[in-house]
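Bear in mind that the values here come from a model prediction, so they are computed numbers and not experimental data. Heavy atoms only: backbone and side chains are in, while hydrogens, waters and symmetry mates are out. Numbers for residues simply follow the sequence, beginning at 1. Both counts, for ligands and for their atoms, begin at 1 and track the order of listing.
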Amino acid sequence: MSESNLSRRKYLASVGGTAVALSVAGCSGGGGGSSQTITAGTAPGFPPFEMKEGGELVGFDIDLLEAVVNETDYEFEGWEEFEFDSLIPALTNNNIDVIAAGMTINDERDQTIDFSDPYYSSDQAIVVRADGDFSPGALGDLSDRPIGAQKGTTGEGVVQDELVGDVITENQYNAYDNYVLAIQDLENGNVDAVVIDVPVAETFAANRPVEVAFTYETGEQFGFGVRTDDDARQSALNDGLAAVRESGTYQELTGEWFGQ
Ligand code: ARG
């Protein structure tokens with residue numbers, strides 16, 4: 001979001017009221033302005049859910065959320081990009097209205113934000129270099145190895161809860177702003193494994209010299225994040241999700257992005 005948009009939003013939040021919102025929006029020349037809009041936030045570098053291709057933001061979450069919003073009365077305003085661990089603050093600060101970032105629905109996050117109905121399932125994968133020198137088959141095999149994950153993710157949660165202090169030392173956990181950087185460090189030999197969602201692990205494995213050593217069942221479900229008081233957008237997104245499933249669009253998009 002541009003600075004001017006952001007400050008307009010904050011200004012509107014402070015003065016309140018749609019009538020004022022419309023006239024201010026008119027003055028600044030920006031689109032939207034009514035409360036019936038959705039600005040979405042994501043964290044690219046998580047293929048095939050969201051990634052940059054030739055400078056363009058693309059992926060399953062991008063197509064799915066836009067199709068879902070298209071089924072609602074909300075106008076889609078555009079995408080804002082953040083590091084994954086900045087998405088929830090961006091939502092609660094009103095910088096964005098919806099998070100679409102392969103975000104797992106869990107109790108901890110549920111205390112701060114709400115979620116739409118689930119739209120995808122995942123477990124965690126332990127990814128290693130494809131050269132085969134190190135082929136762990138269970139978490140215990142990661143003993144005393146440097147391990148990477150993205151900050152604020154459930155993959156990091158597995159490292160913290162299941163590995164640190166038990167299988168590896170705290171210093172052996174490398175936290176990255178982005179999973180692309182974690183995978184690069186894996187290729188470079190700076191870490192020996194990365195803990196990451198299975199569909200993303202498989203996408204990296206198909207495109208880079210890394211492979212899935214084994215999976216760790218977490219039974220995660222991804223949902224779109226909304227503010228806790230925003231029942232209107234939450235139910236609009238749920239209705240929109242049901243509609244894209246019904247119309248076959250959901251199936252088309254999983255075919256396109258996951259080949260399934
Ligand atoms: N599903 C995991 C979680 O919720 C990882 C999500 C990372 N998403 C991203 N766009 N980088 O923590």
Gly102 N/O to ligand 1 N/O under 3.5 Å: yes
Mode of Arg109 contact toward ligand 1 - side chain, backbone, both, neither (heavy atoms, under 4.0 Å): side chain
If the plane angle is over 60° it's perpendicular, under 30° parallel, otherwise tilted; pick one for Phe46 and Tyr179. parallel
Tell me yes or no: between the side chains of Ser122 and Glu220, is some donor less than 3.5 Å from an acceptor? no
Using distance alone, with no hydrogens and no angle criterion, decide if Glu217 and Gln124 have a side-chain donor and acceptor under 3.5 Å apart. no
Pi-cation contact, Phe134 with Arg145 (under 6.0 Å, within 45°): yes
So is Glu156 in contact with ligand 1, going by heavy-atom distances below 4.0 Å? no
What atoms of ligand 1 come closer than 4.0 angstrom to any heavy atom of Met103? 4 (O)
Looking only at distances, can you tell me whether any N or O atom of Thr104, backbone or side chain, sits closer than 3.5 Å to an N or O atom of ligand 1? yes
Short N-O contact, Lys151 and Asp177, less than 4.0 angstrom: yes
Can you list the atoms of ligand 1 that are under 4.0 Å from a heavy atom of Thr154? 1 (N), 2 (C), 3 (C), 12 (O)
Note: ligand 1 atoms sitting under 4.0 Å from heavy atoms of Glu50 are 9 (C), 10 (N)
Give the minimum heavy-atom separation between Glu156 and Ala175, together with the two atoms involved. OE2-CB, 3.9 Å
Checking Tyr216 against Asp123: is there a side-chain donor and acceptor pair closer than 3.5 Å? no
Should Arg129 and Glu187 count as an ion pair when the cut-off is N to O under 4.0 Å? no
Going by the atom numbers of ligand 1, which of them fall below 4.0 Å from some non-hydrogen atom of Phe222? 1 (N)
Would you say Phe49 touches ligand 1, if touching means a heavy atom closer than 4.0 Å? no
Contact (N/O only, under 3.5 Å) between Ala43 and ligand 1: yes
State whether the shortest distance between N or O atoms of Thr153 and N or O atoms of ligand 1 falls below 3.5 angstrom. no
Does any N or O of ligand 1 fall below 3.5 Å from an N or O anywhere on Gln150, backbone included? yes
re atom 8 (N) of ligand 1, the protein heavy-atom contact at minimum distance is Ala101 O, 2.8 Å
Quick one: look at Asp197 and ligand 1, take heavy-atom pairs under 4.0 Å, and tell me if it's side chain, backbone, both or neither. side chain
Where does the angle between the aromatic ring planes of Tyr120 and Phe258 fall among parallel (under 30°), tilted (30 to 60°) and perpendicular (over 60°)? parallel
